[in-house]
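The chains referred to below are lettered A, B, ... by the order of the sequence lines, with proteins before strands, and numbering in each begins at 1.
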Amino acid sequence: MLEKTYSPRTVEDKIYAFWEQETLFAPEVNANASEQFSIVIPPPNVTGTLHMGHALDNTLQDILIRWHRMLGHETLWMPGTDHAGIATQNVVERNLREKGVTKFDLGREKFLEVVWEWANARKTDIVNQFKRLGISPDWNRQRFTLDDGLSRAVREAFVRLYDKGLIYRGTYIVNWCPRCTSAISDIETEYSEEDSFLWEISYPLKDAPGALVVATTRPETMFGDVAVAVNPNDSRYKNLIGKTLILPLANVEIPIIADDYVDAEFGTGAVKITPAHDPNDFEMALRHNLEAEWVIDTKGNMETVSRVPESLHGLDRFEARKQTEALLEQHGFLVKKEPHSHNVGHCQRCGTSIEPLLSKQWFVRCKPLAEKCIQSHDQGELKFIPERWTKIYLDWMHNIRDWCISRQLWWGHQIPAWYCDDCSEITVAVETPTQCHKCKSSKLTQETDVLDTWFSSGLWPFSTMGWPDTSAPDFQKFYPTSVLVTGFDIIFFWVARMVMDGLELTDKSPFHTVYIHGLIRDEKGQKMSKSKGNTIDPVEIIDSYGCDAMRFSLTRLVTYGGQDIKLSKDSFEQGKLFANKLWNASRFVLMNLEGVDNQPIDESALSNMDRWILASLKHYTHQANTALSEFRFGELADDLYEFIWNLFCDWYVEYAKKQLRDETTKANTQRVLLYVLDQTLRLMHPIMPHITEEIWQMLPHRTGKSLMISAYPTLTAYDPEKNRPVHESILTVINVIRAIRNVRQASGVPHPHPTPVILEVTDPDEMAALEANQDVIHHFVKLESLTLTEALTEKPANSAADVVGSCRVVVSLAGAIDVDAEVSRQKKKLETLQKEYDQLAGRLNNPSFVERAPAAVVEKDRARLDELKQQMTTIEDQLAQFVR
RNA sequence: GGGCAGUUGGCGCAGUUGGUAGCGCACCACAUUGACAUUGUGGGGGUCACAGGUUCAAAUCCUGUACUGCCCACCA
């Protein structure tokens with residue numbers, strides 16, 4: 001017997017432990033299936049904590065996984081975690097700093113030990129948090145981007161790409177984070193508009209009086225200037241091109257050059273060129289053969305070089321900016337300073353202003369990889385849902401730039417490249433080489449940089465499956481994966497890279513479908529973040545509402561268009577209510593199943609209501625499978641909610657109470673109840689796994705040890721027309737019951753007050769339906785008498801009425817009626833009908849409509865018009881009664 | 001500067017082949033000891049942002065406008 005209320009906490013823990021113990025998450029539960037289904041989890045950062053985005057993303061994946069598992073497919077959900085290079089190293093460094101220790105105090109080896117220890121602990125935490133979501137990946141296959149197998153895959157991938165010329169080392173401007181003291185990639189740089197100033201500085205001419213005034217947003221970089229550029233067509237400066245300027249405060253000579261890049265309209269039309277600290281200036285310097293001069297170091301401080309005034313040596317770049325301004329002013333070089341807002345890049349991880357810095361880094365040559373991606377898409381090998389993300393993805397591919405993959409960190413995959421101490425040639429190899437491939441020297445030093453964390457993520461779909469061993473069983477069986485489920489925020493970071501790597505290294509797109517869902521936001525539509533304090537902790541929600549309640553609530557909010565989801569804690573209330581409803585309906589069924597036999601349902605002895613609920617079950621089974629196969633999660637949840645609450649509970653269970661009291665119908669009703677409940681639990685299981693399993697375990701005559709590996713209801717063929725008659729006849733009955741309730745309530749009939757009811761029905765089908773189901777009407781509305789007639793000869797006095805379909809529902813009220821209320825109610829109804837009638841009649845009077853519209857539509861309108869006319873007449877009759 | 005979304009009852013949202021606007025919450029009234037008050041029953045509430053256009057017919061297609069949000073872009 002089920003407890004009176006569902007207590008998620010105890011049930012969830014118990015059920016999850018049971019699944020794990022029985023190893024039901026492993027694909028082997030469906031070994032030898034003809035079909036495979038696989039998903040790789042987007043690996044959470046080991047440093048991270050579970051947030052609502054994870055809850056959503058993983059719930060959706062789990063729904064798909066559980067569905068396919070129940071369909072009998074050999075189903076693999078590959079779980080794991082990401083080492084999250086910068087993010088992790090930052091946190092550990094911060095922890096050390098609190099103890100007054102730096103990573104340099106420890107040294108690389110010792111520091112890595114500390115990080116490993118910490119990461120391992122956090123990994124356990126995050127995995128345990130994920131388990132609270134009730135998800136069913138095969139934890140025994142769990143991988144980590146830095147484990148041995150994956151590290152080997154990373155080295156292998158690096159070497160292969162290097163050998164193909166797709167990885168190279170070179171000196172270019174990169175986005176440098178002075179706080180992380182590392183390069184980061186373009187997409188790790190986030191731009192935001194900042195209010196600042198535009199300074200105009202006067203650079204004196206060397207051999208002539210006068211000066212050239214340049215405009216800059218970064219005066220402190222002026223010491224790194226190697227030229228000033230003007231537009232070749234700028235008449236103001238034409239005669240200055242080729243002349244020499246004296247760089248103020250630094251006393252070095254720099255040339256005036258001409259370059260088309262310079263916009264004569266902007267600022268003063270003269271641009272200072274600082275190749276070491278500006279990407280555009282770097283490009284220009286290349287064109288003009290100018291050497292770069294570094295003036296800001298890797299920590300964002302001013303270099304100690306002769307070009308930089310001594311008073312600025314070692315100063316932070318922002319402090320240096322102020323001092324530079326002061327110096328310029330003091331020496332009369334500052335012409336102007338006016339407010340100016342511009343885009344400034346920030347480090348995605350720590351928010352520090354990016355310093356563009358010229359440095360030697362490793363890059364992936366992306367163009368050839370991107371071309372394969374575009375081609376692969378054009379051949380229909382990759383599909384995005386919703387489709388609009390395809391364009392974003394392709395646009396990015398078309399405009400791709402090379403990817404800086406080296407990071408000046410310690411935590412990560414150390415780049416498998418060795419420099420020869422003798423000939424400085426680079427040797428790249430999977431296994432640590434013993435000698436230089438060129439001069440055979442054994443004096444080799446490995447590159448100290450590590451790889452961008454996303455480099456290993458890009459290999460995830462196949463590195464987790466055993467690649468580079470392409471004969472590995474998982475790789476053979478489950479690669480390429482079936483679908484990737486993730487948010488749009490990592491399309492470039494992750495999805496694109498996986499496709500690039502997959503196509504290049506395995507010749508296959510790592511998945512054929514990418515399902516992109518919206519992002520979770522707070523109730524005001526703002527992004528959830530710890531700093532804003534608007535986060536909702538899934539574990540907290542699970543504790544107070546239950547895991548299944550949370551899963552259901554989230555699923556119901558997912559739309560096909562992938563809208564962002566606004567969440568407040570109240571959003572989870574409906575899931576909790578629904579879990580309660582499901583629990584209690586099941587409780588009722590189980591309470592009434594005593595003595596239920598194991599016989600099949602006796603089709604010949606079914607009541608109309610029985611047939612109706614079974615037909616409805618079929619319909620919703622069809623709906624559920626369709627929704628699942630099309631990634632319509634919200635509809636899936638909505639439909640099942642509707643079936644369980646509005647059909648099964650509201651109508652069938654209520655009706656079953658009567659059937660169970662009757663010994664002649666009891667046994668068969670029990671069978672129907674058991675069957676429908678069993679099927680419903682199966683349908684619901686992917687969304688609400690624990691509660692359904694818990695209930696299912698108590699079903700009599702069940703076979704199999706767990707619901708999660710039982711068959712998902714499917715239909716080989718579904719013909720809605722076949723079930724139409726029973727649907728329509730019960731719908732008529734339901735509508736009449738509602739009308740009776742409505743009339744009685746609106747007329748103020750005291751509640752348990754049986755009244756005589758007359759149903760005047762003109763449509764023969766409706767009449768038949770009502771005649772056949774009088775018992776149903778009696779059960780739901782408790783009437784003194786029920787009279788069915790084709791035409792009412794004598795209108796009862798003191799009665800109220802309503803019209804539904806072709807049926808006039810007349811309720812005799814024997815004094816209970818409030819005549820005024822009834823009259824105004826009827827008048828109002830008449831008004832609405834009249835409005836619809838006029839509209840419809842107008843349309844039917846339009847010859848164009850009758851000619852052009854499909855016959856079926858015209859037919860339908862005509863029928864409706866007739867119905868309306870009849871209903872209006874009926875109400876008019878009724879009103880006349882009161883007027884008399 | 002380009003691009004993409006959104007604008008539907010008080011709130012949050014559905015509405016894919018154009019054919020009488022739906023759901024949850026909230027609201028109002030009534031009911032209630034036997035699956036469930038985490039309930040039941042009934043009800044009120046929307047000219048689908050705005051302006052044009054296509055069509056017999058537009059929330060749904062086209063054009064434009066406004067507002068909101070997001071992404072991308074090297075203008076000092």
Side-chain angles (χ1 to χ4, degrees), chain A residues 2 4-6 173 187 191 198-199 214-218 221 229 261-263 265-274 278-283 340 342-343 356 386 388-389 391-392 395-396 399 488-489 491-492 518-519 521 523 525-527 549 553 556-557 559-568 570-571 573-574 576-592 630 632 634-635 638 641-642 646 649-650 653-654 657 738 741-746 748-752 780-781 836 839-840 843-844 846-854 856-858 860-861 864:
Chain A
L2 266 54
K4 186 161 179 179
T5 52
Y6 172 60
I173 287 273
I187 55 176
Y191 288 88
L198 190 63
W199 285 267
V214 302
T216 179
T217 53
R218 301 198 55 198
T221 63
Y261 167 78
V262 180
D263 177 0
E265 304 295 316
F266 188 87
T268 61
V271 188
K272 57 194 269 314
I273 303 303
T274 323
D278 184 284
N280 297 309
D281 293 4
F282 173 69
E283 292 294 326
H340 178 71
H342 64 146
N343 254 346
R388 69 188 142 96
W389 296 111
K391 194 172 173 290
I392 311 256
D395 281 354
W396 191 72
N399 298 309
F488 58 78
D489 51 335
I491 289 181
F492 303 146
L519 263 34
R521 302 182 178 276
E523 62 262 70
Q526 295 194 311
K527 215 168 171 175
S553 304
R556 206 176 188 198
L557 291 170
T559 65
Y560 186 65
Q563 281 304 300
D564 287 352
I565 296 169
K566 287 189 208 168
L567 268 190
S568 69
D570 296 340
S571 315
E573 196 64 37
Q574 64 168 304
K576 191 176 157 189
L577 298 182
F578 182 56
N580 175 260
K581 192 72 181 177
L582 179 61
W583 182 261
N584 277 295
S586 305
R587 186 162 166 263
F588 170 81
V589 173
L590 287 170
M591 276 165 46
N592 287 284
E630 294 174 358
R632 298 170 183 277
E635 285 174 35
D638 260 348
Y641 177 96
E642 183 177 74
N646 303 125
C649 292
D650 289 353
V653 166
E654 281 309 315
K657 287 175 182 171
R738 289 213 161 118
R741 283 170 172 167
N742 178 3
V743 172
R744 295 212 301 195
Q745 208 161 308
V749 178
H751 180 62
F780 280 98
V781 281
E836 195 188 334
Q839 195 188 338
L840 215 52
R843 197 195 311 181
L844 283 163
N846 181 349
S848 307
F849 170 70
V850 181
E851 269 168 46
R852 314 281 284 271
V857 174
V858 179
K860 215 174 121 197
D861 277 3
R864 177 70 185 148

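Judged as a side chain to side chain donor-acceptor pair (under 3.5 Å), and not counting sequence neighbours, the contacts of Asn580(A) are Asn584(A). The side chain to side chain contact (heavy atoms under 4.5 Å, CB included) search around Tyr261(A) returns Asp259(A), Asn280(A), Met284(A), Arg287(A), not counting sequence neighbours. Partners of Gln563(A) under the side chain to side chain donor-acceptor pair (under 3.5 Å) rule, at least two apart in sequence or in another chain, do not exist in this structure. Taking Glu573(A) as the reference, nothing meets the salt bridge (Lys or Arg N to Asp or Glu O under 4.0 Å) condition, with sequence neighbours excluded. Residues that satisfy the ring-ring contact (aromatic ring centres under 6.0 Å, His included) test with His340(A), not counting sequence neighbours, are Phe266(A), His342(A). With sequence neighbours excluded, no residue satisfies salt bridge (Lys or Arg N to Asp or Glu O under 4.0 Å) with Glu283(A). In this view, Tyr6(A) and Trp583(A) satisfy the ring-ring contact (aromatic ring centres under 6.0 Å, His included) rule, not counting sequence neighbours. Ser586(A) pairs by the side chain to side chain donor-acceptor pair (under 3.5 Å) definition with nothing, not counting sequence neighbours.
Between Cys649(A) and Asp861(A), the residue anchored nearer the 5' end of RNA chain B, judged by the nucleotide with its closest heavy atom, is Asp861(A). The 5' end of RNA chain B is approached more closely, in terms of each residue's nearest nucleotide, by Asn580(A) than by the other of Asn580(A) and Ala746(A).
Within the 4.0 Å cut-off from OP1 or OP2 of A35(B), at least one side-chain nitrogen or oxygen of Lys657(A) is found. The side chain of Arg741(A) contributes an N or O atom lying less than 4.0 Å from OP1 or OP2 of G42(B). Look at Lys581(A) and you won't find any side-chain N or O under 4.0 angstrom from OP1 or OP2 of U39(B). OP1 or OP2 of C13(B) lies within a sub-4.0 Å distance of a side-chain N or O belonging to Lys566(A).
For Lys566(A) and Ser571(A), the side-chain atoms include no donor-acceptor pair closer than 3.5 Å.
Atom CG of Leu519(A) is separated from atom C1' of G6(B) by 15 Å (rounded to the nearest Å). A straight line from CD of Glu836(A) to C1' of G19(B) spans 13 Å, rounded to a whole angstrom.
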Original post:
Can you give one letter per nucleotide of nucleotides 52-61 of chain B, going 5' to 3': B for a protein heavy atom under 4.0 Å from the base, S for sugar-phosphate only, - for none?
Top reply: ---SB-----

Original post:
In B/S/- notation, 5' to 3', how is nucleotides 22-29 of chain B contacted by protein heavy atoms closer than 4.0 Å?
Top reply: -SS----B

Original post:
Base, backbone or nothing for each nucleotide of nucleotides 68-76 of chain B, written B, S, -, heavy atoms under 4.0 angstrom, 5' to 3'?
Top reply: -----BBBB

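If you check every strand for non-hydrogen atoms under 4.0 Å, Glu635(A) touches a base.
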Original post:
In dot-bracket notation, what is the pairing pattern of RNA chain B, taking Watson-Crick (N1-N3 plus N6-O4 or O6-N4) and G-U wobble (N1-O2 and O6-N3) contacts under 3.5 Å, with [ ] crossing and | for other strands?
Top reply: (((((((..((((.....[..)))).(((((.......))))).....(((((..]....))))))))))))....

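Here, G43(B) and A5(B) have their C1' atoms 37 Å apart, quoted to the whole Å. Comparing the C1' positions of C74(B) and U54(B) gives an interatomic distance of 44 Å, to the nearest angstrom. Taking atom C1' on both U17(B) and G12(B), the two are 28 Å apart, rounded to the nearest angstrom.
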